[in-house]
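Quick notes on the structure that follows.
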Amino acid sequence: MHTADVTEELARRVVAAVGRALDVDLTPEQALIQASPRDGVDYQANLAMSLGKKLGRPPREVATLIAEAVELAGIADAPEVAGPGFLNFVLRKDWLESRTAAVLGDPRLGVPKTAEPRMIALDYSSPNVAKEMHVGHLRSSVIGDALARLLRFAGHEVLPHNHLGDWGTPFGMLIEHLLDVPSEQRAIADLDAFYREARRKFDSDEAFATRARTRVVLLQSGDEDTLAVWRTLVDESTRHFDEVYALLGISLTDKDIYGESFYNSYLAAVVDDLEAAGLTEISDGAVCVFPEGFRNREGDRLPLIVRKRDGGYGYAATDLATVRYWTAERGATDLLYVVGTPQAQHFAMVFSACRTAGWLTGHAEHVGFGTVLGADGKTMRTRAGETIKLADLLTEAVTQAAVVVAERSELDAAGQAEVARAVGIGAVKYADLSGDRERDYVFAWERMLAKEGNTSVYLQYAHARTRSILRKAGGEPEGTRILLDEPAERALALKLLRFGEALQAATSAYAPHKLCTYLYETAVAFSRFYDDCPVLKAPTPELRASRLRLTTLTAHTLALGLSLLGIDAPDQL
């Protein structure tokens, strides 16, 4: 078995015991093995309750039969039957020691790659051209990037695509406004100001508005001169996005850009295919698809408008074309869309229509998320009521972190600046990732940068402490022998062995907060170990070496776990 798959191994053995004792076939998932919250119990199986009901026998009797039949081969002591029929498992000390030692020597810390790799198209971030990224883009970017890292580590192929808003009627006024600027002055320092000025001219100058409407027609018809100016707008915006991604530590590149414009040439074929399949209806002059089961409060069917009455295409058509492209042309087996929760119904309708059309046969999921709130409980904005630019927010994060770092850092100015960036950006990302993504959360600097509690700062300090201990010891110890005589040693080793379980839970549910919780619990376990078990001044050389190895494994686990969230773990703070 793989070194960290304790749950998997116990489940396999319990399933075999159920087959022998009760002649019932179960899957490992149905064994219901989970880490136990009780002191003195490592794992618990709750399957006897459901099995007892199915078999018409008392759950405790069923649990007893399983306990008598299960073969644990030195992994754990004979399970205890507790309460109404729980099976409690306590892992053997020698087995824990050998498993921990094996994980220490594995670069992946005992976590296997999936035996069934998927090709996953992952849509995230998706800012709009000619507008600066704002706080509303934070969650999609941070959550999406963490999922990309987790899925790749699990062994899947991830195809990220940044669905830029780079097409549509506003580009007529934006292109005309840019054409009014001398060519040598067309570098756009402030995208938002540029957009506002174009909008002001469009609303107040009828001649400009007429030119803008004409320019939209030229753009959509493929006029090369118009497209050249449009590309300038896209390039200027992309440069800005890249700067934000670099500061935020997001792995998207220009190669991952698949804007609305990319799918433009596919839209007519999408409508033709839907019409040929008999899936369209004309409603108020528009070509629509009515996915089965979607109705408004009045009971009327809800449409996806794939071609508008004027012959133009809406974003529903683009989203249908997106699914069709990534499944049919790129071979994606799974589609994930990291987009705010308000779009849940839209994506459900798109997925339904695509399944009916035969374009979607694999897994597709809208990975929704809540809103970033200010202290007043409303959508986070500036004091003037304006949307907060993401670049400004991140710059402020680094500034705030610099104060925290300077309070106790012994690094020089350059070192402190580097650490402040890691701490500040890490705090923003961790605050976003550490809660259930579907919930709103309040953005609060004091809580995000706290040195205690479930924050990235606490985790980064825990990692830095492990590295400090190892530096004082002269480096990481050779050998792998682990001794687990003290309760705090055993508790830390057991927590470290659960890294793979935490990754599996976070990855399968697209829930990075489950990894965050695990890393926080690991840091707490290490703190207790450090307090209870002297490392550098351990009573024997063998014990000192063992505790240094536990410290090393903790360092590797925290660093790898944080990296999978897109957060740096400096060796010194």
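None of these values were measured; they are calculated from a predicted model. When a residue number appears, it is its place in the shown sequence, counting from 1.
Every residue meeting the side-chain contact (heavy atoms from CB on, under 4.5 Å) condition with A198, not counting sequence neighbours, appears here in chain and number order: M173, L174, H177. With sequence neighbours left out, the side-chain hydrogen bond (donor to acceptor under 3.5 Å, both in side chains) criterion links R199 to no other residue. In this view, D300 satisfies the salt bridge (charged side-chain N to carboxylate O under 4.0 Å, His left out) rule with no residue, not counting sequence neighbours. Evaluation of the ring-ring contact (aromatic ring centres under 6.0 Å, His included) rule for H240 yields no partner, not counting sequence neighbours.
Between the side chain of T232 and the main chain of A228, a donor-acceptor pair closer than 3.5 Å is present. With hydrogens and angles ignored, the 3.5 Å screen pairs a side-chain donor or acceptor of S221 with a backbone N or O of L218. In this structure, the side chain of T507 does not engage the main chain of L151 through any donor-acceptor pair within 3.5 Å. Between the side chain of T114 and the main chain of E116, a donor-acceptor pair closer than 3.5 Å is present. In this structure a side-chain-to-backbone donor-acceptor pair under 3.5 Å is present from D256 to T253. Side-chain atoms of R437 come within 3.5 Å of backbone N or O of Y510 as a donor-acceptor pair. For D166 (side chain) and E260 (main-chain N/O), a donor-acceptor pair under 3.5 Å exists by modelled atom type. Panel note: side chain S456, backbone G426; a donor-acceptor pair is recorded below 3.5 Å. Listed for the K429 side chain is a donor-acceptor partner under 3.5 Å among the backbone atoms of L248. For E132 (side chain) and K389 (main-chain N/O), no donor-acceptor pair under 3.5 Å exists by modelled atom type.
Under 4.0 Å is where a charged nitrogen must lie from a carboxylate oxygen, and between D190 and R196 no such pair does. A salt bridge links D145 with R149: at least one charged nitrogen is closer than 4.0 Å to a carboxylate oxygen. We find that E224 and R231 are joined by a salt bridge, their nearest charged nitrogen and carboxylate oxygen being less than 4.0 Å apart. Using a 4.0 Å cut-off between charged nitrogen and carboxylate oxygen, R12 and E8 do not count as a salt-bridge pair. Under 4.0 Å is where a charged nitrogen must lie from a carboxylate oxygen, and between E197 and K201 no such pair does.
Within the structure, side chain to side chain donor-acceptor pair (under 3.5 Å) contacts touching residues 274-283 (residues at least two apart or in different chains) are E281-R301. Pairs of residues two or more places apart, or lying in two chains, that qualify as side chain to side chain donor-acceptor pair (under 3.5 Å) and include a residue from residues 336-357 are D319-H346.
At a threshold of 4.5 Å between non-hydrogen side-chain atoms, the residues I250 and Y124 count as touching. Looking at heavy atoms from C-beta onward, V428 lies in side-chain contact with F443 at the 4.5 angstrom threshold. Considering only heavy atoms from C-beta on, N162 stays 4.5 Å or farther from F241 through its side chain. Side chains of V111 and F153 form a contact here, defined as non-hydrogen atoms less than 4.5 Å apart. Proximity of L138 to F369: side-chain heavy atoms (C-beta onward) are nowhere separated by under 4.5 Å. The closest side-chain heavy-atom distance from H137 to V244 is not below 4.5 Å. At a threshold of 4.5 Å between non-hydrogen side-chain atoms, the residues S125 and M133 count as touching. Put simply, the side chain of L164 does not reach to within 4.5 Å of the side chain of N128, judged on heavy atoms.
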Do D273 and W359 pass the side-chain contact (heavy atoms from CB on, under 4.5 Å) test, and can you show the C-alpha distance, the side-chain angles, and the key distance before you say yes or no?
CA-CA 10 Å; D273 286 357; W359 302 336; 3.8 Å; yes
Please evaluate residues H366 and F351 with respect to the criterion ring-ring contact (aromatic ring centres under 6.0 Å, His included), reporting the C-alpha separation (whole Å), side-chain torsions for both, the decisive distance (0.1 Å), and the verdict.
CA-CA 9 Å; H366 167 227; F351 297 157; 8.0 Å; no
Between V339 and H163, does the side-chain contact (heavy atoms from CB on, under 4.5 Å) criterion hold? Intermediate values first, please.
CA-CA 11 Å; V339 183; H163 193 101; over 6 Å; no
Applying side-chain contact (heavy atoms from CB on, under 4.5 Å), run through K131 and L191 and close with a yes or a no.
CA-CA 5 Å; K131 291 183 180 180; L191 290 173; 5.7 Å; no
Verdict with reasoning, R57 to L22, per side-chain contact (heavy atoms from CB on, under 4.5 Å):
CA-CA 11 Å; R57 302 173 72 170; L22 299 166; 3.8 Å; yes
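Between R324 and V270 the shortest heavy-atom distance is CD-CG2, 3.9 Å. Nearest heavy atom pair, residue I66 against residue L51, reads CD1-CD1, 4.2 Å. Here the closest non-hydrogen pair linking A286 and I305 is CB-CG2, 4.0 Å. Closest non-hydrogen pair, Y195 versus A130, comes out as CB-O, 3.5 Å. Residues L562 and A569 share a closest heavy-atom pair of CD1-CB, 3.9 Å. Here the closest heavy-atom approach between residue T226 and residue I175 is recorded as CG2-CD1, 3.8 Å.
Other residues, nucleotides and ligands contribute more than 12 heavy atoms inside 6.0 Å of the CD atom of E329.
Within the model, atoms CD of Q504 and NZ of K514 stand 10.0 Å from one another, a figure rounded to the nearest 0.5 Å. Atom OG1 of T333 is separated from atom CD1 of I120 by 6.0 Å, given to the nearest 0.5 angstrom.
With F208 as the aromatic partner, R200 does not meet the cation-pi criteria of under 6.0 angstrom to the ring centre and within 45 degrees of the ring axis. Under the 6.0 Å distance and 45° angle rule, R139 does not count as a cation-pi partner of Y441.
Y325 and Y258 have tilted rings, their planes meeting at an angle from 30° to 60° on a 0 to 90° scale.
Side-chain contact annotation: N454 with Y430, donor-acceptor N/O pair under 3.5 Å present.
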